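What you see below is based on every heavy atom in this structure, not just the backbone, and it leaves out hydrogens, waters and symmetry mates. What you see is a predicted model; the values in this text were computed from it and never measured. Labels below follow one simple rule: chain letters A, B, ... track the order of the sequence lines, proteins then strands, and each chain is numbered from 1.
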Number of protein chains: 2
Amino acid sequence: MPPKKTILRDAAPYLPELTLDCVILSFHEDRLKVLLLRWKGTQEWSLPGGPIQRNEAVDAAANRILKERTGLDDIFLQQFHVFGEVERYNREEIRHKLKHLIDPDKWYERAVSVGYYALVDYTKVTPTPDAYTEQCAWWDVQHTPALLFDHNHIIHVARQALRTQLSWQPIGYNLLPEQFTLPELQRLYEAILGKTLDPRNFQRKMLSLGILERLAERRRGGAHKSPYLYRFKKEQYELKLKEGNLFFT
Amino acid sequence: MPPKKTILRDAAPYLPELTLDCVILSFHEDRLKVLLLRWKGTQEWSLPGGPIQRNEAVDAAANRILKERTGLDDIFLQQFHVFGEVERYNREEIRHKLKHLIDPDKWYERAVSVGYYALVDYTKVTPTPDAYTEQCAWWDVQHTPALLFDHNHIIHVARQALRTQLSWQPIGYNLLPEQFTLPELQRLYEAILGKTLDPRNFQRKMLSLGILERLAERRRGGAHKSPYLYRFKKEQYELKLKEGNLFFT
DNA sequence: GCAAAAGTGTTACTTATACACCCATGG
DNA sequence: CCATGGGTGTATAAGTAACACTTTTGC
């Protein structure tokens, strides 16, 4: 048992010098999207994030924020970097831009932030602003505005981390709806890797992992041959992920 | 400029809820070693680590601790995980074991820790205890004692991270003396990967990276053929590392 | 019928793996 | 002379990369 005594900083409901920021990514109309928040009474955008409660694990706080902003639970969420510089961004500029919203006694101190990224199904998300913001929306990750804090930098680092992780774990499982076509999956990989892939080689490699199941139906609607629908075979996917022999290079 | 006002927590010279822990690894007599500290008046060991100063970047704090405990500067040091659980370890047990050393008003609060690992040259290190400890020594990483806090767990996570990173960046550069033999490098890889490698395949792969230079001299001393000495070609090594095409699988 | 995108196989090349003998040295 | 560990090559298998045409669909 921890001691029962109360000291001053125990009174604060949050860990005062630690925050987290979530780079919540999805895939829609062949583009990677990132979820951003617009602060009340401004045209300023930032990543979702915030402080960590004193009795809350950091991972739990990331899940809480994800849940609050998207409505989604139980999602792939990955710590990718700690942003621990003393002057991560111009605090005076933030003070100026957000002065109508935040108590200067509580904010603008130096804070270290833990960066997380999440991969979510665009169709399942209900973007929801928080107490400080009035709009929550998807932005094309290639065309975000200039963000508050060091959030453009955080997105950049997240995308690098994601590219690295791609070799170790196929990611479509989290980013796509339950049913999808191989060309859709290929375009997702192309969006993340930032280069085009050969469809024959892509299909051969992806199918050889043994984690996809082809369904009887096809997707209809375009003026072209109808592609087959696939879905992930959950058990095989989880099994291979655990064994660590899911590579895609 | 940040505001000039002083609020209570500004008085603390450290960020109170954030610490870091360093898994400092080296290689000696064919074994991976980890640097541990023994706390004053006890037989209890822990990793080097500690709080972060209010005006100090987290990476800078890790470098400071590395420097203080080893005498080394400018070393490969890598953030690998944030340990953010609420109950990372039994605080009451720590309170009991270290009660003669630490002020109960300041310690035993929940703290989040950033884990770093460093790879250092065993021969260049002068193990140096800190203010709370009376011994600083290398332990075989396979045979550490039961450590304070959650430090056995932290070492375990560090080793996993190291194994993953091994594929992306050859690591002998940091762990070996300037001159070394290929069998020595191979034994280092074997120690990290936990399996034996074929010497012909190992040498071919390692040399094909183009970052090693064979010297004229050989290492003498054993009752066997004298192995060649090698050293890293610093420029090529750094260049390839930056380009990201240094793989070892 | 025509434009758009999907589906599909083969070959060359590169990389990884498996495997065994001789050589230099110190004692 | 002998025990120890270092140095070295080749053959096979696996994986990766490059490449183009036919099919289906909606309009």
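Of the two residues contacting DNA chain D, namely B:K225 and B:Y230, the nearest-nucleotide position lying further toward the 5' end is that of B:K225. Ranked by how close their nearest DNA chain D nucleotide is to the 5' end, B:L182 and A:P199 are led by B:L182.
Taking the six-membered ring for Trp and the full ring otherwise, the centers of B:F27 and B:Y189 sit at least 6.0 Å from each other.
When the P atom of D:dT16 is taken as reference, atom NZ of A:K195 falls 12 Å away, rounded to whole Å. In this structure, A:E184 atom CD and C:dG7 atom C1' are separated by 15 Å, rounded to whole Å. Atom C1' of nucleotide D:dG6 and atom CG of B:L185 are separated by 15 Å, given to the nearest angstrom. Going from atom CD of B:E190 over to atom P of D:dG5 covers 13 Å, rounded to whole Å. Counting to the nearest Å, the P atom of C:dT15 and the CG atom of B:L207 are 15 Å from each other. Distance, B:L197 CG to C:dA18 P: 11 Å, rounded to whole Å. Between the NZ atom of A:K205 and the C1' atom of D:dA14 there is a distance of 14 Å, given to the nearest Å. If you take CD of A:Q186 and P of C:dG7, they are 10 Å apart, rounded to a whole angstrom.
Distance from the side chain of A:N201 is smallest for D:dC19 among the nucleotides C:dG7, D:dC19, C:dC19. Listed candidates were D:dG26, C:dA16, C:dG7. Nearest to the side chain of A:A223 is D:dG26. Closest approach to the B:D198 side chain among D:dA18, C:dC19, C:dA6 is made by C:dC19 (side chain taken as heavy atoms from C-beta onward). For B:H224, the side-chain atoms get nearest to D:dG6 when compared with the rest of C:dT17, D:dC19, D:dG6.
Using cut-offs of 30° and 60° on the angle between ring planes, the pair A:Y117 and A:F80 is tilted.
Side-chain nitrogen and oxygen atoms of B:R200 include none within less than 4.0 Å of the OP1 or OP2 phosphate oxygen of D:dG7. The phosphate of C:dG7 has neither OP1 nor OP2 within less than 4.0 Å of any side-chain N or O from A:R204.
In this structure, B:R69 contributes its side chain and B:P129 its backbone to a donor-acceptor pair below 3.5 Å.
Residue B:R214 is classed as a sugar-phosphate contact, given heavy-atom separations below 4.0 Å to backbone atoms only. Among the protein residues, B:R219 comes within range of no part of the nucleic acid, since none of its heavy atoms lies under 4.0 Å from any strand. In this structure, A:R218 reaches neither bases nor backbone, as no heavy-atom distance under 4.0 Å exists between it and the strands shown.
Listed by chain and residue number, A:F149 satisfy the ring-ring contact (aromatic ring centres under 6.0 Å, His included) test with A:Y89 (two or more places apart in sequence, or in another chain).
Considering CD1 of B:I192 and CG of B:L162, their distance stands at 4.5 Å, rounded to 0.5 Å.
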